[in-house]
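Quick note on labels: first sequence line is chain A, next is B, and so on, each numbered from 1. These figures come from a predicted structure and were not determined experimentally.
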Amino acid sequence: MTSASDKPVVTRFAPSPTGFLHIGGARTALFNWLFARHHGGKFLLRIEDTDRVRSTKEAIDAILDGMRWLALDWDGHEYYQSQFWARHAEIAHKMLDRGQAYRCYMTQEELAAQREAAQRERRPFRIESPWRDVTESQGDKPFVIRLKAPREGETVIDDRVQGRVTVQNSEIDDFVLLRSDGTPTYMLAVVVDDHDMGVTHVIRGDDHLNNAFRQLAIIRAMGFPEPVYAHVPLIHGPDGAKLSKRHGALGVDAYRDELGMLPEAVSNYLLRLGWGHGDAEIISRDQAVEWFDLDHVGKSPSRFDFKKLENLNGHYIREADDARLTALIAPKIGLSGKQQQMLVRAMPELKARAHDVNQLADGARFLFAERPIDVDQAAAALLTDEARALLGAAHQELAALANWDAASLEAAIREVAESQGAKLGKLAQPLRAALTGRTTSPGIFDVLALLGRDESLARIADQMEPKE
RNA sequence: GGCCCCAUCGUCUAGCGGUCCAGGACGUCGCCCUUUCACGGCGAAAACACGGGUUCGAGUCCCGUUGGGGUCACCA
C-alpha cells in the first residue's frame, strides 16, 4: 500500500491570503491542528499566495494573527507557495516529458467558442483540446500545460469524513497545470507542495472534494504517495445558505474586537460545530486534543448559531481570570491603574452578567462615571418623592456607619427599610438608580462596597433633591 | 443543467440492528432562588423528511422520491 496512514501524521492549513481568516477557515485550521496534536504529529501552515494580484500582506498578517489568537500554533516557519514556483514548473515539465501532460495552444476565443457551443447544444462543457495528442513544440506561440487526464475508468476516494466517493474519469477534464505566464495553478501547486512538505492527511472544506479527484490525477501521474483525505462539511448561515458576510462570516478578528468573544469560546464552539463527543459541550483544549478524531465529524453542513456561541462565551467569561478580563476591557473604557484595581475587585460580580466583553465593559461603566451620574429614563422613573425620602433616611444611616463592607451595609440598609415600613425592594431599587443610573446592576450591597463611602453618599445625595 | 455529497427536536448534536414510546446542549416557555438583572436549580413543549424494500426486529442497512448543499476558470 502507498497509504500514508501508517506514517507520522503531518497536516497543514493552507489559506489563501485574499482576506481575513474567516470562521470556516478557522475551523478547518482547528481540525487540522487537533488531528495533528492528537496523533503527536506536525501541523504546518502554508500561505497559498499563488494569486499575486489578490494576495496581500495585510491578509497574511490577519491570518497569522487570527491563528495565534486561537492558539493554533504551527510547526516550523510558515511556507509561502509562491516560493516554490520553479519546483511547480519543474513538475509540470516532467509530466510533459512523460506524456502525462501537453502543451495547449488554444486561444481564449477558441475556448469561449467551445463553451458556447456546449451551452447551445445543452450538453456539459468539457474542454476538447486539439493539442492533446500533439507532442511537438509549436515554437514561440503562447501555451498552457494541461493535464492529459485519463478518460477511461473511474477514480475512488476513501474519504475519512465523506466515505467512499466515486467519480467517472470521463468527468475529469484536461485542466491547466501551468499558465501561459509560467506560473502554476492552484491544482498543481497544492499537490506538489503537499508532497514536498510530507503532508499525510489533507483535512479541508468539502468544497474541495471535487478538486481531490483532479489532484489525485496529478498525484498518480507523478507516482506520489496518496494522502488521506478528509473533507469537512461547510458552515452555513442561519438560513441554510453558504455562510456569507451578512451571516457570521466575519474574520476571527471581528469576533474578538467587535463581538467581544473569548478565543476559548470560539474554539469550543467551532469544535462542536460538525463534531461531537457524546454529551460533552464544554470541552477544554487538552480534552479536545485527547478526544478529537475524524470518525465523529458529521457529513452534513451545519448552521452557524450565534446564540449558542454567545452562551458559550458567557460561560468562559465567568470562568476567566478577573485580571485578564480587566485588561481586556480597560482600554475600551479608558481606565487608570487605580481604577483597574477597583475593576478587578468588581469583576466577580460583573462577569456573571455578561455574555461578551462589550457587555462586560458596559456593565462596568457605572463604577467610573463622573458625578452627577447620568440616570437613564427607567431609573429616573424610580426616583419618586417617596423614594427620595427613603434615600434620605438611608443616607443618614449610611453616613453614620462604622464599617463600610457588604455585610454591614446589608444590615444597615435592611434596618432602614424596616424602620421606614418599606419592603427592601422599595429602597433597593431607588438606591440602585442613584448609585448606578440604571435599573439593573450587581447586588446593591456590593455596589455600595465597591463604590466606597464617599462616592456612594455623594451619589445618593445627588438624587435626594427633585430635578426640574 | 451535468457530476458529487448530504438528510434525528427551530439550531448544534448523541445514536454506529434490539438497552430509543430517541439522550444532551443552545434557544423558547413555566416554576424556584432573589433588592434588579444575571448566575444557578427544577420542569415543559419540541425531531428520526417521505415511500418502498432487507431482517424475527431499522433512526441505524439497500433503493427511489422530495428537499438541501458543493462543484463545473490560465481563482484558490
Enquirer: Measuring centre to centre across the rings, with the benzene-like ring taken for any Trp, is A:H208 within less than 6.0 Å of A:Y186?
Expert: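 Centroid distance A:H208-A:Y186: below 6.0 Å, so yes.
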Enquirer: Could you go through residues 24-31 of chain A and list every donor-acceptor pair under 3.5 Å that involves a side-chain atom there, pairing it with any protein atom two or more places apart or in another chain?
Expert:
from: A:R27; atom 1: NH1; to: A:L273; atom 2: O; distance (Å): 2.5
from: A:R27; atom 1: NH2; to: A:P233; atom 2: O; distance (Å): 2.4
from: A:T28; atom 1: OG1; to: A:G24; atom 2: O; distance (Å): 3.1

Enquirer: Taking N or O atoms only and anything under 3.5 Å, show me the protein contacts with nucleotides 4-14 of chain B, one pair per line.
Expert:
from: B:C5; atom 1: O2'; to: A:Q162; atom 2: OE1; distance (Å): 3.1
from: B:C6; atom 1: OP1; to: A:K299; atom 2: NZ; distance (Å): 2.8
from: B:C12; atom 1: OP1; to: A:R303; atom 2: N; distance (Å): 2.9
from: B:C12; atom 1: O2'; to: A:R272; atom 2: O; distance (Å): 2.8
from: B:C12; atom 1: O2; to: A:K308; atom 2: NZ; distance (Å): 3.2
from: B:U13; atom 1: OP1; to: A:G274; atom 2: N; distance (Å): 2.4
from: B:U13; atom 1: OP1; to: A:S302; atom 2: OG; distance (Å): 3.3

Enquirer: Of the nucleotides B:U35, B:C3, B:A76, which one has an atom closest to the side chain of A:R414?
Expert: B:U35
Enquirer: Applying a 4.0 Å non-hydrogen cut-off, can you work out what A:R126 is touching in the nucleic acid: base, sugar-phosphate, or nothing?
Expert: nothing
Enquirer: Could you tell me whether A:I282 contacts a base, only the sugar-phosphate backbone, or nothing, with contacts defined as non-hydrogen atoms closer than 4.0 Å?
Expert: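 Touches nothing.
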Enquirer: Just name whichever nucleotide pairs with B:G67, Watson-Crick or G-U, keeping both distances under 3.5 Å, else none.
Expert: B:C6
Enquirer: Closest approach to the side chain of A:F445, judged atom by atom: which nucleotide of B:A76, B:U35, B:U36 is it?
Expert: B:U35
Enquirer: On the nucleotide B:C37, are OP1 or OP2 found under 4.0 Å from the side-chain N or O atoms that A:R438 carries?
Expert: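 For A:R438, the contact criterion (side-chain N or O under 4.0 Å from OP1 or OP2 of B:C37) is not met.
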Enquirer: For each nucleotide in nucleotides 39-51 of chain B, reading 5' to 3', give B when a protein heavy atom comes within less than 4.0 Å of its base, S when such contact involves only the sugar-phosphate, and - otherwise.
Expert: SS-----------
Enquirer: Remember a base hit wins even if backbone is also touched, and classify A:N211 as base, sugar-phosphate or nothing at under 4.0 Å, heavy atoms.
Expert: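 Base contact - A:N211 has a heavy atom under 4.0 Å of at least one base atom.
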Enquirer: To the nearest 0.5 Å, what is the distance between CG on A:L382 and CZ on A:R438?
Expert: 14.5 Å
Enquirer: Look at all strands and tell whether A:P442 reaches a base, only sugar-phosphate, or nothing, counting heavy atoms closer than 4.0 Å.
Expert: base
Enquirer: Using the rule side-chain hydrogen bond (donor to acceptor under 3.5 Å, both in side chains), only one of A:H201, A:R46, A:Q215 pairs with A:D194; which is it?
Expert: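 Answer to the side-chain hydrogen bond (donor to acceptor under 3.5 Å, both in side chains) test with A:D194 among A:H201, A:R46, A:Q215: A:R46.
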Enquirer: Between A:F143 and A:A428, which is nearer to the 5' end of RNA chain B once each is assigned its nearest nucleotide?
Expert: A:A428
Enquirer: Can you identify which nucleotide, out of B:C26, B:C74, B:A76, has its nearest atom closest to the A:Q81 side chain?
Expert: B:A76
Enquirer: Spell out yes or no: do the side chain of A:S180 and the base of B:C74 have one donor N/O and one acceptor N/O closer than 3.5 Å?
Expert: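 Yes, the side chain and the base share a sub-3.5 Å donor-acceptor pair.
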